[in-house]
Amino acid sequence: MGGVRPALSQELDRVAALWTLLAEHHGGSAGFAAAPDAALSVRDHLAAALSHPDAVLLVAEAGGQLIGFGVARVLRRPALFAETARGEIEALFVREEARRSGTGRALARALLAWLAERGLARVALHVARGNAEGQAFWRALGFTDSMDVLERPL
Ligand SMILES: CC(C)(COP(=O)(O)OP(=O)(O)OC[C@H]1O[C@@H](n2cnc3c(N)ncnc32)[C@H](O)[C@@H]1OP(=O)(O)O)[C@@H](O)C(=O)NCCC(=O)NCCS
């Protein structure tokens, strides 16, 4: 299992490479395909997550290699609702060759702990219906169905 820690600004290119593998994994489902020239924008997006107080970017490392990463955020909304902030897990990825040894769980637990430390009562995420491993993974960590997202082509 990889050790989990905050990402460093000097390794953002390596994290961006993992982000690209995650986009490839999604295979274009639900608009998740990477733009053809995404590399620089991905790096900027990750740099913003690194510096924003409402976001966290963690990596998992084993044997000097980055084998996974995860991003979580505090999502805020106006005081129309009793709940004005909740947690969101934006991305989680473990390299294929490193899977099923607890790294995903360690990353997820660290993201959840970071969100809980911010006093949030709830965390949500999107996972594609057809992503069998993602579905099994999140449900193993206690996530259950809440809101259905319906879509159709325009
Ligand atoms: C989902 C993902 C992050 C899991 O990472 P991982 O390091 O393999 O996960 P773990 O080893 O910590 O697994 C924790 C538990 O999740 C469940 N699980 C994980 N992968 C599973 C799979 N392929 N099939 C069934 N259950 C699975 C199991 O209950 C597992 O516990 P166990 O190994 O003791 O049975 C990884 O498969 C991945 O990066 N997939 C591609 C990207 C993706 O789908 N991301 C999440 C959706 S947005």
Side-chain angles (χ1 to χ4, degrees), residues 1-35 38-77 83 85-147 149:
M1 186 183 85
V4 171
R5 59 169 173 78
L8 305 171
S9 55
Q10 60 267 32
E11 64 193 2
L12 283 180
D13 287 334
R14 293 161 69 201
V15 186
L18 294 178
W19 189 96
T20 304
L21 291 175
L22 172 60
E24 284 170 12
H25 170 85
H26 286 312
S29 72
F32 278 116
L40 279 179
S41 329
V42 172
R43 200 183 181 289
D44 287 350
H45 177 77
L46 295 171
L50 206 55
S51 61
H52 198 290
D54 274 351
V56 64
L57 169 58
L58 302 179
V59 292
E61 186 174 27
Q65 299 288 316
L66 293 191
I67 58 169
F69 81 104
V71 180
R73 292 179 190 278
V74 180
L75 291 191
R76 300 188 186 277
R77 59 181 179 175
E83 181 191 68
R86 70 164 167 81
E88 167 107 342
I89 295 186
E90 178 183 296
L92 188 75
F93 178 79
V94 173
R95 283 185 187 279
E96 203 162 349
E97 61 275 19
R99 290 181 192 163
R100 291 315 283 272
S101 56
T103 300
R105 193 190 294 270
L107 275 167
R109 282 193 174 147
L111 294 174
L112 294 171
W114 184 89
L115 292 169
E117 281 162 18
R118 271 135 197 93
L120 306 172
R122 201 165 64 93
V123 56
L125 55 85
H126 288 85
V127 54
R129 280 277 166 89
N131 181 356
E133 64 197 350
Q135 290 279 351
F137 174 77
W138 290 117
R139 287 169 198 278
L141 269 79
F143 285 77
T144 58
D145 296 306
S146 165
M147 185 82 80
V149 176

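All figures in this text were calculated on a predicted structure; none of them were measured in a lab.
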(message) Working note: H45 + E90, criterion side-chain contact (heavy atoms from CB on, under 4.5 Å); need CA distance, chi angles, decisive distance, verdict.
(response) CA-CA 12 Å; H45 177 77; E90 178 183 296; 2.8 Å; yes

(request) Could you tell me which residues satisfy side chain to side chain contact (heavy atoms under 4.5 Å, CB included) with R139, sequence neighbours excluded, listed by chain and number? (result) Q135, D145

(message) Atom CZ of residue position R129 - does it have more than 12 heavy atoms of other residues, nucleotides or ligands inside 6.0 Å?
(response) no

(request) Locate the shortest heavy-atom distance separating P6 from E11; write the atom from each residue and the value. (result) O-OE2, 4.3 Å

(request) Could you tell me whether a side-chain N or O of R99 sits under 3.5 Å from a main-chain N or O of V94, the two making a donor and an acceptor? (result) yes

(message) To the nearest 0.5 Å, what is the distance between CG on L50 and CG on L8?
(response) 8.0 Å

(request) Look at the rings of F93 and F69 and say which category their plane angle falls in: under 30° parallel, 30 to 60° tilted, over 60° perpendicular. (result) tilted

(request) Any chance you could measure S9, atom OG, to L46, atom CG, to the nearest 0.5 Å? (result) 12.0 Å

Distance-only donor-acceptor hits, side chain of residues 106-128, under 3.5 Å, sequence neighbours excluded:
residue : atom : partner : partner atom : Å
R118    : NH1  : W114    : O            : 2.7
R122    : NE   : E83     : OE2          : 2.9
R122    : NH2  : E83     : OE1          : 2.9

(request) For residues H25 and E133, determine if any side-chain heavy atom of one lies less than 4.5 Å from a side-chain heavy atom of the other. (result) yes

(request) State, to 0.1 Å, how close L66 and V15 come at their nearest heavy-atom pair, and which atoms those are. (result) CD1-CG2, 3.9 Å

(request) Heavy atoms only: give me the nearest A55-R73 pair and the separation to one decimal. (result) CB-NH1, 3.6 Å

(request) Identify the heavy atoms of A62 and I67 that sit nearest to each other, and give their distance. (result) CB-CD1, 3.9 Å

(message) Rounded to the nearest 0.5 Å, what separates atom CZ in R86 from atom CG in L75?
(response) 5.0 Å

(message) If you compare all heavy atoms of D54 against all heavy atoms of H52, which two are closest, and at what distance to 0.1 Å?
(response) N-ND1, 2.9 Å

(message) Pair F137, L92 - check side-chain contact (heavy atoms from CB on, under 4.5 Å), show working.
(response) CA-CA 11 Å; F137 174 77; L92 188 75; 3.3 Å; yes

(request) Find out whether R95 and T103 are in side-chain contact, i.e. whether some heavy atom of one side chain is under 4.5 Å from a heavy atom of the other. (result) no

